[in-house]
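The shown structure was predicted, so the numbers you read here are calculated from the model rather than taken from an experiment.
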Protein chains: 2
Amino acid sequence: MVYTIGEMAKMLDLAPSTLRYYDKEGLLPFVERSEGGIRLFRDSDYEFLKIVECLKKTGMQLKDIREFIHLVMEGDSTIEARLALFQKQRAEVEKQIAQLQETMEVIRFKCWYYETARQAGTTAVPDAMPNEALPEGLRAVRARLRKEME
Amino acid sequence: MVYTIGEMAKMLDLAPSTLRYYDKEGLLPFVERSEGGIRLFRDSDYEFLKIVECLKKTGMQLKDIREFIHLVMEGDSTIEARLALFQKQRAEVEKQIAQLQETMEVIRFKCWYYETARQAGTTAVPDAMPNEALPEGLRAVRARLRKEME
DNA sequence: CCTTGACTTAAAGTTGACTTTAACTTCTAT
DNA sequence: ATAGAAGTTAAAGTCAACTTTAAGTCAAGG
């Protein structure tokens, strides 16, 4: 099955201009052309682009994704390098998830803070509340925000 | 305790120019100045900036963070609005974590794929492997990458 | 008093990832 | 054969979030 740029763009839910930009940046060296110069995308290209999408979601920059694509093009001699890349990316994403979970703690604290303030009609109440009065799990969060302890 | 911009920047691990930029963008309306025009940061400003940092980590844009800061400056009349904001942000971060976990599945698949390829010396082996031969949890991932089923 | 390091501003420059524009070509359907 | 949709390129424009530069001011120590 072959697709035009517009069809492939729709399948991936992005703009055709984005695919052209990726191509210009060297991310799509595998895309073939018709006689007249029209890009012909294959199902295997879809698979490639799903991986590009995945790497983008991990925050990887296009120039690093290009490096990966070029490793793939070089064939089986780069299997080790590609494995290393994904192992590194796995650690990276684990870190990101941990980071977001920490951020979530702060947000949970702030939700509690404003719920308490709403009840009282003023933020002065949660502000003045002693540590022992706040929910267990939120004490450390407030302390960190206030730069108490380290 | 008051701090100069350089000291506060160090405490937050960012460049002084970043704090000046935030100020210019209206994110630091609470920062006072000395006679001579030098910014004076307080401990309470540190707390503010930690929240800015937190909101940035959720991917919120500076202009939206500015809106929040301005809600805070308006006082207790905006408690509801601020609570709503954090509740929205909580849902947002939950979505982000779920998204990263999906991404992690793909990366796990790729790690398996390249480990298998390394053993075999070629990616042809994992490519040709029937669904039943791959680890339980990775079958659906490969199917999604290949646009089999939905 | 004077040096020196850290501060100030306004304005311009940078980076990454696109998007838009303009001029043109190819493909498909009648 | 031709119209119109969708493709092509190169180049310029956009956006967010900073960073850098230039020219100058403030503040603390000797």
Side-chain angles (χ1 to χ4, degrees), chain A residues 1-42 45-46 48-69 89 92 96 103, chain B residues 1-42 45-46 48-69 89 92 96 103:
Chain A
M1 201 48 197
V2 314
Y3 310 94
T4 66
I5 200 168
E7 290 162 344
M8 185 52 86
K10 210 159 274 177
M11 284 158 66
L12 293 160
D13 193 31
L14 38 77
S17 61
T18 305
L19 283 174
R20 290 199 192 96
Y21 169 70
Y22 286 176
D23 197 6
K24 205 179 63 175
E25 292 300 300
L27 271 79
L28 313 180
F30 45 80
V31 173
E32 289 164 43
R33 301 289 186 120
S34 74
E35 276 292 289
I38 305 279
R39 290 180 186 81
L40 304 173
F41 289 82
R42 309 294 181 101
D45 300 345
Y46 173 84
F48 248 116
L49 282 161
K50 289 300 265 186
I51 296 300
V52 169
E53 185 191 29
C54 167
L55 292 175
K56 267 189 61 59
K57 278 177 186 163
T58 72
M60 191 181 274
Q61 289 183 205
L62 292 188
K63 69 170 156 47
D64 296 320
I65 297 178
R66 177 179 50 208
E67 290 319 302
F68 165 71
I69 298 283
Q89 223 50 24
E92 181 58 38
Q96 287 174 23
T103 298
Chain B
M1 204 43 199
V2 315
Y3 311 94
T4 66
I5 199 168
E7 290 163 345
M8 184 52 86
K10 210 159 273 176
M11 285 158 67
L12 293 160
D13 192 32
L14 38 77
S17 62
T18 305
L19 283 173
R20 289 198 192 97
Y21 169 69
Y22 286 176
D23 196 6
K24 206 179 62 173
E25 292 300 301
L27 271 79
L28 314 180
F30 45 80
V31 174
E32 289 164 42
R33 300 290 186 117
S34 76
E35 276 292 289
I38 305 278
R39 290 180 186 81
L40 304 173
F41 289 81
R42 310 294 181 99
D45 299 345
Y46 173 83
F48 248 117
L49 281 160
K50 288 300 266 187
I51 296 300
V52 169
E53 185 191 28
C54 168
L55 292 175
K56 269 190 58 61
K57 279 178 185 162
T58 72
M60 191 183 272
Q61 290 182 206
L62 292 188
K63 68 171 157 49
D64 296 320
I65 297 177
R66 177 179 49 207
E67 290 318 302
F68 165 70
I69 298 283
Q89 224 50 25
E92 182 58 38
Q96 287 175 23
T103 299

(request) Specify the residue among B:Gly36 and A:Glu7 whose closest nucleotide of DNA chain D lies further upstream toward the 5′ end. (result) A:Glu7
(request) Mark yes or no for whether A:Asp23, through its side chain, and A:Arg20, through its backbone, hold a donor-acceptor pair below 3.5 Å. (result) no
(message) Does any part of the side chain of A:Tyr22, heavy atoms only, come nearer than 4.5 Å to the side chain of A:Ile65, both counted from C-beta?
(response) no
(request) Quick one: pull up CZ in A:Arg39 and CG in A:Asp45 and give me the separation to the nearest 0.5 Å. (result) 12.0 Å
(message) What is the separation between atom CG on B:Leu28 and atom P on C:dT8, rounded to the nearest whole Å?
(response) 11 Å
(message) Rounding to an integer number of Å, can you tell me how far B:Met60 CE sits from D:dA16 P?
(response) 15 Å
(request) Could you please name the option among C:dA17, C:dT8, D:dG7 that lies closest to any side-chain atom of A:Ile5? (result) D:dG7
(message) Between P on C:dT14 and NZ on A:Lys63, what's the gap in Å once rounded to a whole number?
(response) 17 Å
(request) Specify the residue among A:Thr18 and A:Ser34 whose closest nucleotide of DNA chain C lies further upstream toward the 5′ end. (result) A:Thr18
(request) Would you mind classifying the nucleic acid contact of A:Arg20 as base, sugar-phosphate or nothing, using non-hydrogen atoms under 4.0 angstrom? (result) base
(request) May I ask you to evaluate whether A:Tyr22 reaches the phosphate of C:dC18, defined as a side-chain N or O under 4.0 Å from OP1 or OP2? (result) yes
(message) Under 4.0 Å from OP1 or OP2 of D:dT9: is there any side-chain N or O of A:Arg33 that close?
(response) yes
(request) Name the residue closer to the 5' end of DNA chain C, choosing between A:Ile38 and B:Pro16 according to the nucleotide with the nearest heavy atom. (result) B:Pro16
(request) Could you check how far CG of B:Leu14 sits from C1' of D:dT19, rounded to whole Å? (result) 13 Å
(message) Between P on C:dC18 and CG on A:Leu27, what's the gap in Å once rounded to a whole number?
(response) 10 Å
(request) Between D:dT8, D:dT19, C:dA17, spot the one nearest the side chain of A:Arg39, thanks. (result) D:dT8
(message) Mind checking if B:Ser17 touches a base, just sugar-phosphate, or nothing, with heavy atoms under 4.0 Å?
(response) base
(request) Check whether any side-chain N or O of B:Lys24 sits under 4.0 Å from OP1 or OP2 of D:dA16, and answer yes or no. (result) no
(message) What I want to find out is whether B:Glu53 reaches B:Lys56 closely enough, with some N-O distance under 4.0 Å, to be called a salt bridge.
(response) no
(request) Specify the separation, in whole Å, of atom CG of B:Leu40 and atom C1' of C:dT8. (result) 13 Å
(request) Specify the separation, in whole Å, of atom CD of A:Glu25 and atom P of C:dT19. (result) 13 Å
(message) For A:Gln89 and A:Thr58, which I'm curious about, is there any donor-acceptor pair between the side chains at under 3.5 Å?
(response) yes
(request) Ignoring backbone atoms, establish whether A:Tyr21 has a side-chain N or O less than 4.0 Å from OP1 or OP2 of C:dT20. (result) no
(request) To the nearest 0.5 Å, tell me how far A:Thr4 OG1 sits from A:Ile38 CD1. (result) 8.5 Å
(request) To the nearest Å, give me how far apart CD1 (A:Ile65) and C1' (C:dG16) are. (result) 12 Å
(message) What's the closest nucleotide to the side chain of B:Thr4 if the choices are C:dT19, C:dC7, D:dG7?
(response) C:dC7
(message) Using a heavy-atom cut-off of 4.0 Å across all strands, would you classify A:Gln61 as base, sugar-phosphate, or nothing?
(response) sugar-phosphate
(message) So, OP1 or OP2 of C:dA6: does either fall under 4.0 Å of a side-chain N or O from B:Lys10?
(response) no
